[in-house]
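So you know, we letter chains A, B, ... as the sequences are listed, proteins then strands, and number each from 1. What you see is a predicted model, and the numbers here were worked out from it, not measured in a lab.
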Protein chains: 2
Amino acid sequence: MSIATRKQREKEEMRSLILDAARTLFLEKGYFETSIRNIAEKIEYSPGTIYLYFKEKDDIFYALHQEGFRKLIAMMEPLQFVADPFERLTAMGRIYMEFAKNNKDFYDLMFIMQAPMNMEQDDCWVEGDHALEHLKQVLRDCQAAGRFQGKDIDDLSFFIWSTMHGMAALYCRERCQAYDDKDPLTLIDNSFKIFTEMLAKF
Amino acid sequence: MSIATRKQREKEEMRSLILDAARTLFLEKGYFETSIRNIAEKIEYSPGTIYLYFKEKDDIFYALHQEGFRKLIAMMEPLQFVADPFERLTAMGRIYMEFAKNNKDFYDLMFIMQAPMNMEQDDCWVEGDHALEHLKQVLRDCQAAGRFQGKDIDDLSFFIWSTMHGMAALYCRERCQAYDDKDPLTLIDNSFKIFTEMLAKF
DNA sequence: AAAGAAAATGAACACTGTTCATTTTTCCAA
DNA sequence: TTGGAAAAATGAACAGTGTTCATTTTCTTT
């Protein structure tokens with residue numbers, strides 16, 4: 001192999017090294033509480049080095065943002081084998097909530113954290129758009145099977161996403177404490193059950 | 001009036017002065033992007049002075065948190081004149097969403113922002129608990145009128161709150177951009193309509 | 001081995017929340 | 001009215017932040 005390709009590989013390995021350290025620290029102490037110096041120290045490099053691989057701190061955030069979406073989309077793979085559209089919809093919700101519950105901080109990063117400004121115009125949301133399109137297609141399939149007649153797909157998908165996101169967000173940001181004795185996870189499960197029951201009757 | 005009471009009053013006025021400046025700046029640039037020095041400069045005092053009235057930056061956050069809840073609870077006042085429980089429930093949802101739409105940053109502060117650690121044990125959530133209890137009571141009234149039979153009040157309230165919060169949170173954190181052409185506010189309105197329709201049939 | 005390119009460094013800059021010795025202002029008794 | 005104590009305000013200092021860049025180190029090529 002040429003030296004150029006090794007260099008290329010080393011460059012990518014260094015990026016991964018930084019990303020791994022950043023992920024660990026972000027998910028441990030949070031984005032704002034993690035400094036570039038913390039990351040640098042963890043990988044035993046100087047702070048300046050990180051800026052040779054990422055333009056700014058937000059860029060690291062963005063890389064993990066994409067990683068999270070790839071993870072979520074991968075978890076959705078098995079859905080293609082669920083024949084019934086409505087069953088596919090509920091399975092999708094279950095997977096979404098499972099992702100949020102097991103990847104609290106990834107979820108936070110993807111859907112709750114204030115997105116850095118430079119993410120707003122660029123192609124940063126392609127993965128997110130992909131996932132949303134997936135939901136909309138399932139809903140179209142449901143409509144083709146006679147469900148949710150006359151409802152706008154955008155409105156409907158936003159409504160369903162909102163409910164899922166609401167549970168996940170209240171969970172991630174510790175607002176379930178309001179139900180002090182109840183376990184947040186069963187609260188979510190029961191709430192999800194009510195939701196599917198309701199959608200089924202609709 | 002005694003001097004002691006004037007002192008007392010002046011102390012409170014100073015607190016308000018700081019809070020007013022902080023509110024303006026927080027809602028303008030966000031909590032993390034606002035520094036104590038920014039607040040001090042706005043009120044034309046030295047940074048140190050602020051620490052004579054608030055133990056730390058988070059304390060200012062907490063004060064505004066309470067203010068937001070008082071505001072929301074005040075907006076809920078008229079609900080007592082809505083006789084029908086289900087109508088009261090939908091009206092409640094409408095007010096909640098109205099609050100979120102018109103007080104984006106207050107909403108963010110109250111329900112989305114990572115709450116400072118010292119809030120977790122203290123009596124910081126009394127206002128929040130009050131508001132949640134309000135929702136639960138309305139739901140109990142609905143059940144007394146024959147609606148939502150056999151559903152646990154905690155689960156049900158969490159489900160409904162989640163849906164409202166989901167819309168508000170996606171709105172506040174700019175995730176409605178995913179529907180690029182649609183106006184977020186009408187998206188919310190339409191989604192809310194679907195929700196009430198569904199609850200009515202349930 | 002020497003020259004040139006690439007990679008890594010760490011001091012420096014302007015900022016952050018917070019503390020605290022010092023100064024200024026206010027109060028009240030003599 | 002003045003002296004001294006108490007209260008209020010100050011701003012320098014500390015240890016931290018993201019980011020930049022001249023300098024040094026390491027690697028590659030001739």
Ring centers of A/Phe195, A/Phe202 separated by less than 6.0 Å: no
A/Phe111-A/Phe106 aromatic ring centre distance below 6.0 Å: no
Sugar-phosphate only, base, or nothing, as touched by B/Phe54 at under 4.0 Å among non-hydrogen atoms: nothing
Whole angstrom is fine here: how far is it from [atom1] in [X] over to [atom2] in [N]?
X: B/Lys7; N: D/dA8; atom1: NZ; atom2: C1'; answer: 7 Å
X: B/Glu41; N: D/dG11; atom1: CD; atom2: P; answer: 13 Å
X: B/Ile50; N: D/dA8; atom1: CD1; atom2: C1'; answer: 14 Å
X: A/Leu52; N: C/dG10; atom1: CG; atom2: C1'; answer: 13 Å

B/Arg140 and B/Gln137 side chains, donor-acceptor separation under 3.5 Å: yes
Residues in side-chain hydrogen bond (donor to acceptor under 3.5 Å, both in side chains) contact with A/Ser157, at least two apart in sequence or another chain: B/Tyr179
Qualifying residues under side-chain hydrogen bond (donor to acceptor under 3.5 Å, both in side chains), relative to A/Glu12, sequence neighbours excluded: A/Gln8
Short side-chain N/O contact to [N] OP1/OP2 from [X], under 4.0 Å:
X: A/Tyr53; N: C/dA7; answer: no
X: B/Tyr45; N: D/dG11; answer: no
X: B/Thr49; N: D/dA9; answer: no

Sugar-phosphate or base contact per nucleotide [nucleotides 13-19 of chain D; S, B, -; heavy atom under 4.0 Å]: B---BBB
Under the ring pair (Phe, Tyr, Trp, His ring centres under 6.0 Å) test, residues paired with A/Phe32 that sit two or more places apart: B/Phe32
Backbone of A/Val126 reached by a side-chain donor or acceptor of A/Asp129 within 3.5 Å: no
All pairs passing salt bridge (Lys or Arg N to Asp or Glu O under 4.0 Å) where residues 191-202 of chain B contributes a residue, at least two apart: A/Lys151-B/Glu197
Contacting residues from residues 11-22 of chain B, given that a heavy atom lies under 4.0 angstrom of DNA chain D: B/Lys11
Worked check of salt bridge (Lys or Arg N to Asp or Glu O under 4.0 Å) between A/Lys104 and A/Glu174: CA-CA 11 Å; A/Lys104 210 167 165 168; A/Glu174 321 287 359; 3.6 Å; yes
